[in-house]
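Worksheet for the structure shown next.
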Amino acid sequence: APSPAATVASPFRIASITKPFTSVVVAQLVGEGRLSFDDRLADLLPGSYADLVPRMHVLDGVSYGERITMRQALTHAGGLFDYAMSPSYGAALFRDPGHAWTPREMIAGAIEWGTPHFPPGEGYGYAYADTGYVLAGVIIEDLEHSETEQRYFCIGKVDAGILTVRFTYRENIIRIF
């Protein structure tokens, strides 16, 4: 059966277009003095993620999780494995396409399903990874004490409600009203 026709209220998956939203919010938080681009993710993540830090970037038996900075996460220079590129992630999506992945599940997937590419800030210096942006989103939510979409909403509101963007990094969905 054909899909229903899109309307002005239809959600659209925008995937990696969410990265500029996340980067802008981080830059705003830097401007507010609430974090620095050179802060280590390990120092910014909430305590509930502390167990993942020593495991999120292990290369040749050495843990580099504590070394990754916000700048490295946002510029794909942390060497993190991209959970979304794993065949295991694809298989999990196929098995349960309606599953709402939590940030913790995505990070745990990166740990379980692949190997980091190089030590943070070293190697060839660039390896595309959604994982770094998931970590940045967790940090934003912790600093804001609310879901990331609340801060993204502030970026997207234009011209007294003519264009309102409602967005959440967990679902990679955008609604324009």
Side chains of [X] and [Y]: closer than 4.5 Å at any heavy-atom pair?
X      : Y      : answer
Met70  : Val26  : yes
Ser23  : Tyr133 : yes
Pro116 : Val58  : no
Phe81  : Ile111 : no
Gln72  : Arg40  : no
Leu41  : Thr69  : no

Inset, instruction - Indicate yes or no for a side-chain donor-acceptor contact from His57 to the backbone of Pro119 under 3.5 Å, with no hydrogens or angles considered. - result: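 Here the side-chain-to-backbone pair does not exist.
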
Inset, instruction - Kindly say whether Tyr126 contributes a backbone atom to a donor-acceptor pair with the side chain of His76 at under 3.5 angstrom? - result: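 Flag not set: sc His76 to bb Tyr126 has no pair under 3.5 Å.
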
Inset, instruction - Apply side chain to side chain contact (heavy atoms under 4.5 Å, CB included) to Arg104 and list each qualifying residue two or more places apart in sequence or on a separate chain. - result: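 Per chain and number, Arg104 pairs via side chain to side chain contact (heavy atoms under 4.5 Å, CB included) with Tyr49, Asp51, Leu52, Thr102.
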
Legend entry - By side chain to side chain contact (heavy atoms under 4.5 Å, CB included) - contacts of Asp39 (at least two apart):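 In terms of side chain to side chain contact (heavy atoms under 4.5 Å, CB included), with neighbours along the sequence ignored, Asp39 is linked to Leu35, Ser36, Leu44.
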
Inset, instruction - Return each pair, listed once, that meets salt bridge (charged side-chain N to carboxylate O under 4.0 Å, His left out) where at least one residue sits in residues 75-101; pairs must be two or more places apart or across chains. - result: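 Not a single pair qualifies under salt bridge (charged side-chain N to carboxylate O under 4.0 Å, His left out).
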
Legend entry - Evaluation steps, salt bridge (charged side-chain N to carboxylate O under 4.0 Å, His left out), between Arg55 and Glu112: CA-CA 9 Å; Arg55 298 183 297 123; Glu112 180 182 340; over 6 Å; no

Legend entry - Residues clustered with Phe94, ILVMFWY side-chain links under 4.5 angstrom: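 None, because no other hydrophobic side chain comes under 4.5 Å of this residue.
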
Legend entry - Partners meeting side-chain hydrogen bond (donor to acceptor under 3.5 Å, both in side chains) with Tyr128 (sequence neighbours left out):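 In terms of side-chain hydrogen bond (donor to acceptor under 3.5 Å, both in side chains), with neighbours along the sequence ignored, Tyr128 is linked to Ser16, Lys19.
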
Inset, instruction - State which residues pass side-chain hydrogen bond (donor to acceptor under 3.5 Å, both in side chains) with Asp142; sequence neighbours excluded, sorted by chain then number. - result: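 Not a single residue meets the side-chain hydrogen bond (donor to acceptor under 3.5 Å, both in side chains) criterion with Asp142.
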
I need the minimum non-hydrogen distance between [X] and [Y], along with the two atoms involved.
X      : Y      : answer
Tyr89  : Tyr83  : CB-O, 3.2 Å
Leu135 : Met56  : CD1-SD, 3.9 Å
Thr131 : Ala110 : OG1-CB, 3.7 Å
Pro46  : Val138 : CD-CG1, 3.6 Å

Legend entry - Distance (rounded to the nearest 0.5 Å) between Leu45 CG and Ile139 CD1: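 Interatomic distance, Leu45 CG to Ile139 CD1, rounded to 0.5 Å: 4.0 Å.
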
Legend entry - Reported NE2-to-CG distance for the pair His99 and Leu93, which is rounded to 0.5 angstrom: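 If we round to the nearest 0.5 Å, His99:NE2 and Leu93:CG are 9.0 Å apart.
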
Legend entry - Shared hydrophobic cluster, Met85 / Leu80 (ILVMFWY, side-chain heavy atoms < 4.5 Å):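 No, no single cluster joins them.
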
Inset, instruction - Could you tell me which residues satisfy ring pair (Phe, Tyr, Trp, His ring centres under 6.0 Å) with Phe37, sequence neighbours excluded, listed by chain and number? - result: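 Not a single residue meets the ring pair (Phe, Tyr, Trp, His ring centres under 6.0 Å) criterion with Phe37.
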
Name each donor-acceptor pair under 3.5 Å that joins a side chain in residues 60-68 to protein atoms two or more places apart or in another chain, with its distance.
residue: Ser63; atom: OG; partner: Pro54; partner atom: O; Å: 2.7
residue: Arg67; atom: NH2; partner: Pro120; partner atom: O; Å: 3.2
residue: Arg67; atom: NH2; partner: Glu122; partner atom: OE2; Å: 3.0

Inset, instruction - Under the salt bridge (charged side-chain N to carboxylate O under 4.0 Å, His left out) rule, collect the residues that match up with Asp38, sequence neighbours excluded. - result: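 Result, salt bridge (charged side-chain N to carboxylate O under 4.0 Å, His left out) vs Asp38: Arg71.
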
